[in-house]
Amino acid sequence: MSNYDVVIIGAGAAGLFCGIEAARRGRRVLVIDHNKKPAEKIRISGGGRCNFTNLDIRPERFLSQNPKFAISALKRFTQWDFIDRVAGAGIAYHEKTLGQLFCDGSSQEIIDMLLSDLEAAGGALWLSCSVEAISESDGFSLTTSKGVVTADAVVLATGGKSIPKMGASDFGYRIARQFGHQIVETRAGLVPLTFSGYLLDQTKALSGVAVETSVGCGDTSFSEGMLFTHRGLSGPSILQISSYWREGREIEIDLLRGARFDQLLREDKSKHGSLSLRNGLARYLPKGLADQILDELRLDGNFGDLRKDEIERIADRVHQWKVLPQGTEGYRTAEVTLGGVDTDWLDARTMESKHQKGLYIIGELVDVTGWLGGYNFQWAWSSGWAAGQVV
């Protein structure tokens, strides 16, 4: 039997960072993960360069039933604190867009930094080790595939359900329920949207075409790139809005954001009357998309032939394209899991359970989900840090 002060289940971003902080305080720490390699989501993130945080972290850019819950951890360990860690490790990085920070090299640099820091602090790491049962009686006893382990505290950092091929499962939710926690409905977040029927036929024909858009659902909108796929729509603006979209709701897409297309069309009618609509629209939109819009509206001919109502119809179709998604691609391609352990019974300062003393829940497992662009990694660092100071 092995004895530790703290056992952390999950060797992802939150778990490793929590382990580092606890071990630096002199705690005997063991981090357990059922995968063969640690931090697989870090490895694949950002196209292999890890979008490790964002310069513009704000609590309102996180979704939760309790929007205030994340404030404490995010303010006490900020993006600037993690950037200092990255710089201190000699990892070169750059800002891509909208405050997103990426490694100049490989995401493996972030993983190596975390593993090196954990080892230097004296923390242990068991990989390819599954946890089969957890019980509590004057501390915790964990039955694992490598034997029984006891600990004064247990930290659940198992992540959510997204990308099951990388080992994601509902294990963390099951353990949280075992100790009395409610789970806010979970669903795929930051995920491509899918279509069916005629709408699918339309978008499939444009697969691979990218445009800069503004995509809205209800009162929320995002202005970033969008990509047509053979299943529907993807790209940053779609991934962002997917976290706010619910089944049965329309989304509205502006395919030419930042422009007044009716005004452009009137100018073209005046100055380029002999120019064909198809060639003219292809100056503003990808040709396949322009042709599809004209076919749908049953318009052809030259700019000079356009009537006022036809100009308005084209502009409305470009600026206010309303579509009803059938669904999402699900956890298979989702970057995060929305929902999770209800924050009502977690201490926002320490991440400790109010149901079970000595049990801490951090990272994606909690009902806190950030925007695309480094927000969810920052939540992992911040929540892991908060628990690591007290566990």
Side-chain angles (χ1 to χ4, degrees), residues 4-10 12-19 21-22 27 29 31-32 59-77 131 133-142 150-162 168-189 243 331 336-370 375-391:
Y4 291 89
D5 295 322
V6 184
V7 171
I8 299 168
I9 307 174
L16 289 173
F17 207 67
C18 179
E21 292 301 303
R27 304 287 279 166
V29 172
V31 182
I32 297 176
E60 60 266 28
R61 294 181 174 179
F62 292 81
L63 290 78
S64 174
Q65 281 196 349
N66 178 2
K68 295 182 179 180
F69 180 82
I71 293 175
S72 175
L74 291 171
K75 284 191 172 181
R76 289 163 56 228
F77 189 85
V131 176
I134 302 177
S135 60
E136 191 280 331
S137 178
D138 192 25
F140 295 87
S141 177
L142 295 85
T150 61
D152 295 331
V154 167
V155 181
L156 297 181
T158 57
K161 301 177 183 178
S162 57
S169 73
D170 67 347
F171 176 81
Y173 305 116
R174 285 188 275 119
I175 298 301
R177 284 193 182 98
Q178 176 187 328
F179 288 100
H181 286 272
Q182 296 294 314
I183 308 299
V184 175
E185 177 194 3
T186 57
R187 55 195 176 91
S243 294
Y331 293 117
V336 292
T337 302
L338 291 156
V341 176
D342 195 325
T343 59
D344 282 352
W345 287 89
L346 291 177
D347 186 315
R349 186 171 179 82
T350 65
M351 309 304 295
E352 185 175 17
S353 166
K354 296 177 183 178
H355 281 297
Q356 176 61 60
K357 183 176 176 57
L359 179 68
Y360 298 76
I361 305 175
I362 61 176
E364 188 183 352
L365 194 58
V366 180
D367 176 31
V368 175
T369 305
Y375 293 88
N376 289 293
F377 274 129
Q378 186 58 47
W379 171 243
W381 314 133
S382 296
S383 61
W385 181 92
Q389 306 312 301
V390 295
V391 71

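Below, each value reflects all heavy atoms present in this structure, side chains not excepted, and no hydrogens, waters or symmetry copies. Just so it is clear, the structure is predicted and the values come from calculations on it, not from any experiment.
Considering OG of Ser141 and CD1 of Ile134, their distance stands at 9.5 Å, rounded to 0.5 Å. Distance check: Ile183 CD1 to Arg174 CZ gives 11.5 Å after rounding to the nearest 0.5 Å. In this structure, the separation between CG on Asp347 and OG on Ser72 is 8.0 Å, given to the nearest 0.5 Å. Considering OG1 of Thr158 and CD1 of Ile9, their distance stands at 7.5 Å, rounded to 0.5 Å. Between atom CG of residue Leu142 and atom OG1 of residue Thr150 there is a gap of 8.5 Å, rounded to the nearest 0.5 Å. Summarising the geometry, atom CD1 belonging to Ile361 is positioned 10.0 Å from atom CD belonging to Gln356; distances are rounded to the nearest 0.5 Å.
Counting heavy atoms from C-beta outward, Tyr360 and Val390 have side chains that approach closer than 4.5 Å. At least one side-chain heavy atom of Gln378 sits under 4.5 Å from a side-chain heavy atom of Leu74. Using a 4.5 Å heavy-atom cutoff, the side chains of Val6 and Val155 are in contact. The shortest side-chain heavy-atom distance between Asp152 and Tyr4 does not fall under the 4.5 Å cut-off. Proximity of Asp5 to Val29: side-chain heavy atoms (C-beta onward) are nowhere separated by under 4.5 Å. Residues Leu156 and Ile362 are not in side-chain contact: their nearest non-hydrogen atoms beyond the backbone lie 4.5 Å or more apart.
Nearest heavy atoms, Val7 versus Ala151: CG2-CB, 3.6 Å. Residues Gly363 and Ser383 share a closest heavy-atom pair of N-OG, 3.1 Å. Ile8 and Ala157 get closest at one heavy-atom pair: CG2-CB, 4.2 Å. Nearest heavy atoms, Ala73 versus Trp379: CB-CZ3, 4.0 Å. In terms of heavy-atom proximity, Arg349 sits nearest to Arg76 at O-NH1, 2.8 Å. Of all non-hydrogen atoms in His355 and Gly180, the two that sit nearest each other are NE2-O, 3.0 Å.
Listed by chain and number, the residues in a side-chain contact (heavy atoms from CB on, under 4.5 Å) with Thr337 are Lys161, Ser162, Tyr173, Thr186, Tyr331, Glu364 (sequence neighbours excluded).
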Next on the checklist: I'd like to know whether Phe140 forms a side-chain contact (heavy atoms from CB on, under 4.5 Å) with Leu359, so could you lay out the CA-CA distance, the side-chain angles of the two residues, the decisive distance to 0.1 Å, and finally the verdict.
Outcome noted: CA-CA 9 Å; Phe140 295 87; Leu359 179 68; 4.2 Å; yes
Checklist entry - Hey, mind stepping through His181 and Trp345 against ring-ring contact (aromatic ring centres under 6.0 Å, His included) and telling me if it holds? => result CA-CA 7 Å; His181 286 272; Trp345 287 89; 7.9 Å; no
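Side chain of Gln182 to main chain of Thr343: no donor-acceptor pair is present (N/O by atom type, distance under 3.5 Å, no hydrogens or angles). A donor-acceptor contact shorter than 3.5 Å links the side chain of Glu352 to the backbone of Gly358. Using modelled atom types, one side-chain atom of Asp367 and one backbone atom of Gln65 make a donor-acceptor pair closer than 3.5 Å.
Of the options Phe17, Phe77, Tyr375, a ring pair (Phe, Tyr, Trp, His ring centres under 6.0 Å) to Trp381 is made by Phe17 and by none of the others.
Heavy-atom contacts from other residues, nucleotides or ligands closer than 6.0 Å to NZ of Lys75 number 12 or fewer.
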